[in-house]
Amino acid sequence: MPSVDIKAEVTGKVWKIETQPGDSIGAGDVVMILESMKMEIPVEAPKAGRLSALLVAEGDSVKEGQALARLEV
């Protein structure tokens, strides 16, 4: 199966992870929530598929463009 990386749109911190590897998710579903400048920013799946890997953990600092999770489509 082809895979797609789900990337951070902003620099911030992983506040809450909403899905786990193996979960089936739809396009637009929230995978995790980042905190940046005291705002909560949802990270959504770009396509429907199965989450194959989380590449970060809650509390991790992330940079804009960093891969956060991998989605099998």
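Being a predicted model, the structure only gives us computed values, none of them experimental.
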Linking directly or through intermediates, with side-chain heavy atoms under 4.5 Å: list the remaining ILVMFWY members grouped with W15, chain and number order. V30, I33
Roughly how far, to the nearest 0.5 Å, is NZ of K16 from CD of E40? 9.0 Å
Pairs satisfying side chain to side chain donor-acceptor pair (under 3.5 Å), at least one member in residues 41-59, at least two apart: R50-E72
Report the C-alpha distance between E9 and K7 in whole Å, list the side-chain angles of each, state the deciding distance to 0.1 Å, and finish with yes or no for side chain to side chain contact (heavy atoms under 4.5 Å, CB included). CA-CA 6 Å; E9 294 181 11; K7 297 183 179 182; over 6 Å; no
Taken to the nearest 0.5 Å, the spacing of T11 OG1 from K63 NZ works out to 7.5 Å
P21 and A53 have their tightest heavy-atom pair at CG-CA, 4.3 Å
Which heavy-atom pair separates S36 from G12 by the least distance, and what is that distance? CB-CA, 4.3 Å
Linked hydrophobic residues, V31 as query - side chain contacts closer than 4.5 Å: V4, I6, V10, V14, I17, I25, M32, L34, I41, V43, L51, L54, V56, V62, L68, L71, V73
